[in-house]
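Okay, so here's the structure we're looking at.
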Amino acid sequence: MKITPKSLYQILFKHFGKLNWWPTDYDYHKKTGSDPRFEVIVGAILTQNAAWLNVEKALENLKSKTLLDIKTISKIDIKLLQKMVKPTGFFNQKAKRVKNLAEYLESNYTGNLDSFFKRNLKEIREELLMLNGIGPETADSILLYAGNQPIFVVDAYTKRICKRLPIDINPTYDEIQNFFQDDLSKKYKKNEILKIYNELHALIVIHAKTYCKSKPNCIKCPLKVYCKHAKELTQ
DNA sequence: GTCCAGGGCCGTT
DNA sequence: AACGGCCATGGA
């Protein structure tokens, strides 16, 4: 049986319901006057091949010392930043990446994320991809979850699921992204797309953590009637 | 002890 | 273009 991005969304939404994805610390940003979007940006870098629990620890380290804003990070002592982000692993490169991005935003946009995001989507994306340590997934996460730009985020989970489901595309980043965006942008209204991209990515993550793990747990999987992998297991 | 988590870079084929 | 090694911590 065929499956489309829209039906994938509907099935997963029915199964998991609404998710509170990529939360930011409202109290912290209210108290300090910092931009909550920058917390998302930093989180997007720190979560590279890392468990979110460890990212939360790093963000807490930064917030407990009131360091989580663009101007402060752009001037931070790199050794201190390494110490703060250590729980997320790869802390040398991640500290460099976070500081580098903060410096970039500070010097080119005076640390103002409104002027950074208030431009053409492709333009912002190209710009993010130029920066060291910002690949397609991190760029798109920043665009979608910090910038509220309509772009679908593809991650390792999305690739895994696409490989197992009967989806006839080669599972590269761009192919998968186009596959999702082409279908969803046709079937949903423009004012719904942002929410759909946002929620579907979150649903894919929870689905991959619950059922479509590296060692899959197909017994109660809501997609098993569609899935090549689940059928192979029952043979 | 082993596996793996909300990737990206760089060098080799 | 695609692949492999590398970066590194912490929880299961």
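Every chain is numbered from 1, with letters handed out A, B, ... down the list of sequences.
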Selection residues 33-86 of chain A - residue pairs positive for ring pair (Phe, Tyr, Trp, His ring centres under 6.0 Å), sequence neighbours left out: A:W22-A:W52

Whole-Å gap separating P (B:dG8) and CD1 (A:I45): 10 Å

Distance-only donor-acceptor check, side chains A:T4 and A:S7, under 3.5 Å: yes

Side chain proximity check, A:K75 to A:E106, heavy atoms < 4.5 angstrom: no

Any residue of residues 201-212 of chain A with a heavy atom less than 4.0 Å from an atom of DNA chain B: A:K209

Heavy atoms from other residues, nucleotides or ligands near NZ of A:K96 exceed 12 (cutoff 6.0 Å): no

N or O in side chain of A:S214 less than 4.0 angstrom from B:dC4 OP1/OP2: yes

Rounded P spacing from B:dC10 to C:dA8 in Å: 14 Å

Side-chain heavy atoms of A:R125 within contact of A:Q149, under 4.5 Å: no

Whole-Å gap separating C1' (B:dG7) and CZ (A:R97): 8 Å

Distance in angstrom units between A:L129 CG and B:dG7 P, rounded: 16 Å

Between P of B:dG7 and CG of A:L131, the distance in whole Å: 19 Å

Sugar-phosphate, base or nothing in reach of A:S141, heavy atoms under 4.0 Å: nothing

B/S/- contact track for nucleotides 5-12 of chain C, protein heavy atom under 4.0 Å: --BBBSS-

Aromatic plane relationship, A:F16 with A:Y211 - under 30° parallel, 30 to 60° tilted, over 60° perpendicular: tilted

Residues within residues 163-184 of chain A bordering DNA chain B, heavy-atom distance below 4.0 Å: none

Check: A:F180 ring centre within less than 6.0 Å of A:H201 ring centre: no

Non-neighbouring partners of A:F90 that pass side-chain contact (heavy atoms from CB on, under 4.5 Å), sequence neighbours left out: A:N49, A:Q93, A:K94

Below 4.0 Å: OP1/OP2 of B:dA5 and any side-chain N or O of A:R160: yes

Which residues share a salt bridge (Lys or Arg N to Asp or Glu O under 4.0 Å) with A:K187, sequence neighbours left out: A:D183

hydrophobic_cluster_shared for A:L80 and A:L62, side chain cutoff 4.5 Å: yes

Separation of atom CH2 in A:W52 from atom C1' in B:dC4, rounded to whole Å: 18 Å

Between A:Y104 and A:E127: side-chain donor-acceptor atoms closer than 3.5 Å: yes

